[in-house]
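Computed from a predicted structure; not experimentally measured. Positions are given from 1, in the same order as the sequence printed here.
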Amino acid sequence: MVSGGVWYVQGVTWGPDNVGWLPASVQYIQQHPGQVNIPCDATIHQALDILCPGWPTPYLYQNDNPLDVYTLPATLQNCRGPVSNGQVCGSQIAY
């Protein structure tokens, strides 16, 4: 579990935020075909807090925001939110 990340919000935008496999993991899948059972997926559970200047404590925005990464035969796809609540997915990206 990773904790302690901070992203600063300016106006109505925020960032940076990367979802999914790190480049080294994608390179491993590419360089070792057959060693990873594809298709496969992984879920990372993320808690989201909001802390504004002048607030004494963070506000728990969302306790569990699942981040899913799907590795398909030729593409990767990143998704946010639980499937039961209409998971939102990005485009499939070739690797």
Side-chain angles (χ1 to χ4, degrees):
M1 181 170 138
V2 177
S3 65
V6 176
W7 293 264
Y8 293 97
V9 177
Q10 293 181 330
V12 294
T13 61
W14 56 279
D17 185 24
N18 295 310
V19 178
W21 298 122
L22 296 173
S25 298
V26 175
Q27 289 172 353
Y28 180 86
I29 293 169
Q30 292 172 326
Q31 294 169 358
H32 299 90
Q35 291 186 16
V36 175
N37 292 327
I38 296 176
C40 65
D41 63 84
T43 301
I44 301 165
H45 295 274
Q46 181 183 42
L48 303 173
D49 291 326
I50 298 173
L51 179 60
C52 292
W55 287 12
T57 58
Y59 166 73
L60 179 61
Y61 174 71
Q62 197 168 35
N63 186 42
D64 184 12
N65 182 14
L67 309 172
D68 293 318
V69 182
Y70 299 102
T71 304
L72 305 167
T75 61
L76 299 171
Q77 186 174 35
N78 299 318
C79 302
R80 285 187 179 270
V83 174
S84 61
N85 288 348
Q87 187 175 60
V88 177
C89 297
S91 300
Q92 291 187 18
I93 302 167
Y95 63 87

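In this view, Cys40 satisfies the disulfide bond (SG atoms under 2.5 Å apart) rule with no residue, not counting sequence neighbours. Take Gln35 and apply the side-chain hydrogen bond (donor to acceptor under 3.5 Å, both in side chains) test, not counting sequence neighbours, and it matches Tyr28.
Across every non-hydrogen atom of Pro73 and Ile38, the tightest pair is N-CG2, 3.4 Å.
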Determine all donor-acceptor pairs shorter than 3.5 Å in which one atom belongs to a side chain in residues 87-94; sequence neighbours excluded.
| unit_1 | atom_1 | unit_2 | atom_2 | d |
| --- | --- | --- | --- | --- |
| Gln87 | OE1 | Tyr70 | OH | 3.3 |
| Gln87 | NE2 | Asp68 | OD2 | 2.4 |
| Gln87 | NE2 | Gly81 | O | 3.1 |
| Gln92 | OE1 | Thr75 | OG1 | 2.9 |

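The CG atom of Asp41 lies 9.5 Å from the CG atom of Leu72; values are rounded to the nearest 0.5 Å.
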